[in-house]
Structures are given as structure tokens and as C-alpha cells.
Participant: 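If you scroll down you'll find the structure; I have some questions about it.
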Number of protein chains: 2
Amino acid sequence: MNVKTLCLAVLNSGNSTGYEIRKLVSEGHFSHFVDASFGSIYPALKSLGDDGLVTSREEQQIGKPNRKVYSITELGQREFLDALTKPAQKDNFKSEFLLLAMCAELIERDLVAQAIDRQIEYLEDEIASIDAEVREVNMVGADWVADYGRTCLGSGLKYIKENRGDLEKIAGTGLAGRQVLAAE
Amino acid sequence: MNVKTLCLAVLNSGNSTGYEIRKLVSEGHFSHFVDASFGSIYPALKSLGDDGLVTSREEQQIGKPNRKVYSITELGQREFLDALTKPAQKDNFKSEFLLLAMCAELIERDLVAQAIDRQIEYLEDEIASIDAEVREVNMVGADWVADYGRTCLGSGLKYIKENRGDLEKIAGTGLAGRQVLAAE
DNA sequence: TAGGCCATGTAACCGGTTACATGATTAG
DNA sequence: CTAATCATGTAACCGGTTACATGGCCTA
């Protein structure tokens, strides 16, 4: 999923500016499963315009900089539908926390506990922001996606809270055996 | 989390070759929360060697190409611990499926149903491979991580199976209203 | 008056992927 | 006989980020 398609997706549900797309995509409700920054969104929008997939009109504002409102064209809609027709790329998940958890035996207990605390806080924040953001998007599918997110994050959070003891128990147990391993 | 640190993490739990690291990291048990390819792992290993964080020795094999077995040094272990001490980067999750789900109203019902089928299959595969791979890693934390993965993926899978009807119901409902939106 | 928000845009940089080169062995 | 597995490595390329430039308005 490249930034162009992402822009089309957002614009497909209503007109928007580059600034707003970035906000939605990297702070708002979309931010939980996609991401993009100014440096890729503005060029993408420009290129989409060149290809006739979007149009734009400049809007004056009082006391604020002009904004360039983009709308998707029929061609753009077709392009977007096309992109969705081909099998979606698999989900992509990266987690430093899980890497640390995997290596727990080699890390001091305090450090592991700290990492767990931070992860819990992070997951709780994430869930809270889903609740807050879902109202800002006028798409029917948003509620379904929000529920899905709450479910997954919630079950992960519950697992960590209930089983953190097990991880903390094994923390540091590999430190003594390290010399043996190194000598091999 | 860059590839170098990732290599240190793997090597911290035992000696390994570039080939094996890639397998573990992009097909094996690590692959569910990190990723890297040959083109980044081999240069990373080389650079780690230059910095004295790992050592390597070449091993002859009969009927197979030589393998270069890397071991982490004490310096490397310290470096790795250091990397883990600073707060972990937040989890990073990307999902084309959720983007599609979010836009469900603008997509034909069949297409949505198809995407859901594929997502279910993907999640089931993912869970099955966790079960298969966890035995291949000799780290105590692996079981905890595997359980975490099963929990999260399982709850997501369950949600999709139970609520797919709701999503399919709203699929395509936005297609008629599109003209109105475009005219605005 | 300092910092944050609104708002658009560019250029340098970088981490990583893709594809290629090489080649023996083994399984189907 | 073909394809896959083992195994290491390089080079071109690319998508995207980071940081910068610009500047008015509003809030603390």
C-alpha cells in the first residue's frame, strides 16, 4: 500500500487537504493501521493531480493560510477500486516489545518489568484514542474497524496483565548461563 | 529497531549464520513481529564484525556451501542490552484489510466478502505457524510471546467470524450516494 | 514572547528491498 | 530434468522520512 492509494482512500470518502490527510493518517483514526508524513503526502497528491485522479481548488481563509482542497475524480475512484480488487497485502506487524519479551531471560528483571509497564500504558492509550477518534470519521466502516481494534488490543492488554508474572519470573535467568554459552 | 540490533538479538541467544538469521527473522518464529532480508542482514553482520560486536568463523560442510558462523562478543552483548534499556519504539501495525474494511461502504459486497475470506485464511495460517515454529526456538520467552500472538490473532479472528455479517451488510451502500457526494 | 497550530512545499538522505551472480546437492 | 534448499554476497534502486523554508494567528 503506497501513499498514493492511501490518499485516494481518504479522498474517496470526502474532500480533504494534504494537511488533513496527514492528520487523519498519522494521528487520527486511520493511524492505527496506516501511516504517512507530509513529505510523502504532498508529492503524492501532486502526482495524483498530474494523472487526473484528483482535482484541487484553492480556498481562501481569513487568518489562516490558504488551503488546497482535493477531490477524487471518477478516474481516481476506478483506480482505487482496482487497487482494492487485487488481494490485499498481508498485515504487517512490528514490535520491539515482543523482541524484548522473547529475550527476557537475558535481561534484568527490573528492565523487563519497566518494558511491560510501558507496553500496558501504550496499549491503554491506543484503546482510549480509538474511542475518541472514531467519531471524527464519517465512514460507516469506521465503527466496525474500531471494534476490531478494541478487541485485539484489549485481548493483548488482558494477556499481558494476567501473565506478566510468568515473563518477569524468567527474566534474568539466562544471565548466569551466558558464560557457559559463550565458552561453548 | 534496525537490522543490526535485530542480528544482535538473535545472536545473543546462540551462534548463527546470516542464512539462518534471515530464515528465523522472515519465516520463523521471529517473523511475526520483525523482518529483514538478505540484502540488509549480510551487510549488517559485516558492519557488526568491523565494530567488534560479533566474531565469525568459517565452517566447511560436506555437500553444502561453506557457512560463516557468527558469535556475539561481550561488547556486542553490552551494546544489545543498551539498545533494550532505552524505551522501546511503539508497535507498528499496517493493515490493508482494515483500510478496505473502513471503506466497505464504497466497495461491492462480493469484494468485501472475498477480502474477509482471505483475511480469515491468513489469520488461521498465522496461528498455525506460531504453533509449528515455537518449538524451533530455544528461548524461554518464546512460549510467552507465542501465547500472546495466539491470543491477539485468535481474538481478531473470532471477531471477524462473528461480525463479518455487519461489514457485509454495509458493503456497497455508499455506491449510490457517491454521485451526490461528487456533485456536492 | 515563546510555542503551538494552521498550511504547503522541497531536498537531502537513508534504510531497506529486489534482483542478480554463483554453484553444489538433493528431492520429486 | 527441474525445482528447491543451502549459502554468501553486491549493486541498483526506491519509497519514504527528516529537516528545513515560510509566515500569520492564537494561546499561555
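By convention in this document, chain letters (A, B, ...) are assigned in the order of the sequence lines, proteins followed by strands, and residues within each chain are numbered from 1.
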Participant: Hey, which of these two, Ile62(B) or Pro65(B), hits DNA chain C nearer its 5' end, going by closest nucleotide?
Facilitator: Pro65(B)

Participant: Rounded to the nearest angstrom, tell me the gap between atom CG in Leu24(B) and atom P in dA7(D).
Facilitator: 14 Å

Participant: Please tell me if Gln61(A) has a side-chain N or O lying less than 4.0 Å from either OP1 or OP2 of dA7(C).
Facilitator: yes

Participant: Same cluster or not: are Leu53(B) and Leu81(B) linked, directly or through other Ile, Leu, Val, Met, Phe, Trp or Tyr residues, by side-chain heavy atoms under 4.5 angstrom apart?
Facilitator: yes

Participant: Looking at the side chain of Tyr42(A), which of dT18(C), dT10(C), dC6(C) is the nearest nucleotide?
Facilitator: dT10(C)

Participant: Is Lys86(A) paired with Glu96(B) through a side-chain N to carboxylate O contact shorter than 4.0 Å?
Facilitator: no

Participant: Rounded to whole Å, how long is the line connecting atom CZ of Arg22(B) with atom P of dT5(D)?
Facilitator: 10 Å

Participant: On DNA chain D, check which nucleotide each of Tyr70(B) and Gly39(A) is closest to and give me the residue with the more 5' one.
Facilitator: Tyr70(B)

Participant: At 4.0 Å (heavy atoms only), tell me whether Lys23(A) reaches a base, stays on the sugar-phosphate, or touches nothing.
Facilitator: sugar-phosphate

Participant: Can you tell me the distance, in whole Å, between the CD atom of Glu59(A) and the C1' atom of dC6(C)?
Facilitator: 14 Å

Participant: Output the rounded distance in Å from CD1 (Ile21(B)) to P (dC6(D)).
Facilitator: 15 Å

Participant: Round to a whole Å and report the spacing from CG of Leu45(B) to C1' of dA7(D).
Facilitator: 13 Å

Participant: Would you indicate which nucleotide in dT18(D), dA7(D), dT8(C) comes nearest to any side-chain atom of Ser37(A)?
Facilitator: dT18(D)

Participant: Does a salt bridge link Glu20(A) with Arg67(A), judged by any charged N lying under 4.0 Å from a carboxylate O?
Facilitator: yes

Participant: Tell me which nucleotide among dT10(D), dT17(D), dG16(C) gets nearest to the side chain of Lys46(B).
Facilitator: dT10(D)

Participant: Measuring from the side chain of Tyr19(A) (C-beta onward, heavy atoms only), which nucleotide among dT8(D), dC6(C), dG16(C) has the closest atom?
Facilitator: dC6(C)

Participant: Please report the shortest heavy-atom distance between Ala142(A) and Met102(B), naming the atom on each side.
Facilitator: CA-SD, 3.4 Å

Participant: Write down the distance between CG (Asn66(B)) and P (dT8(D)), rounded to a whole number of angstrom.
Facilitator: 9 Å

Participant: Classify the ring geometry between Tyr19(A) and Phe38(A) as parallel (under 30°), tilted (30 to 60°) or perpendicular (over 60°).
Facilitator: parallel

Participant: At under 4.0 Å between heavy atoms, what does Gly63(B) touch on the DNA or RNA strands: base, sugar-phosphate, or nothing?
Facilitator: sugar-phosphate

Participant: Find which nucleotide of DNA chain D each of Asn2(A) and Glu20(B) is nearest to by heavy atoms, and output the residue with the more 5' nucleotide.
Facilitator: Glu20(B)

Participant: Should Tyr122(B) and Leu157(B) count as side-chain neighbours, where that means a heavy-atom distance under 4.5 Å?
Facilitator: no

Participant: Considering only dA7(C), dG16(D), dA7(D), which nucleotide approaches the side chain of Val3(A) most closely?
Facilitator: dG16(D)

Participant: Determine: side-chain N/O of Lys4(B) to OP1/OP2 of dG15(C), distance under 4.0 Å, yes or no.
Facilitator: no

Participant: Where the side chain of Lys64(B) is concerned, which of dG16(D), dC6(D), dT10(C) is the nearest nucleotide?
Facilitator: dC6(D)

Participant: Of the listed nucleotides (dT8(C), dT10(D), dT17(C)), which one gets closest to any side-chain atom of Thr17(A)?
Facilitator: dT8(C)

Participant: Under 4.0 Å from OP1 or OP2 of dG15(C): is there any side-chain N or O of Ser40(B) that close?
Facilitator: no

Participant: To the nearest Å, how far apart are Gln60(B) CD and dC6(D) C1'?
Facilitator: 15 Å

Participant: Select one nucleotide: of dG16(C), dT17(C), dT8(D), the one nearest the side-chain heavy atoms of Phe38(B).
Facilitator: dT8(D)

Participant: Roughly how many Å is it from NZ in Lys94(A) to P in dG16(D), rounded to a whole number?
Facilitator: 13 Å

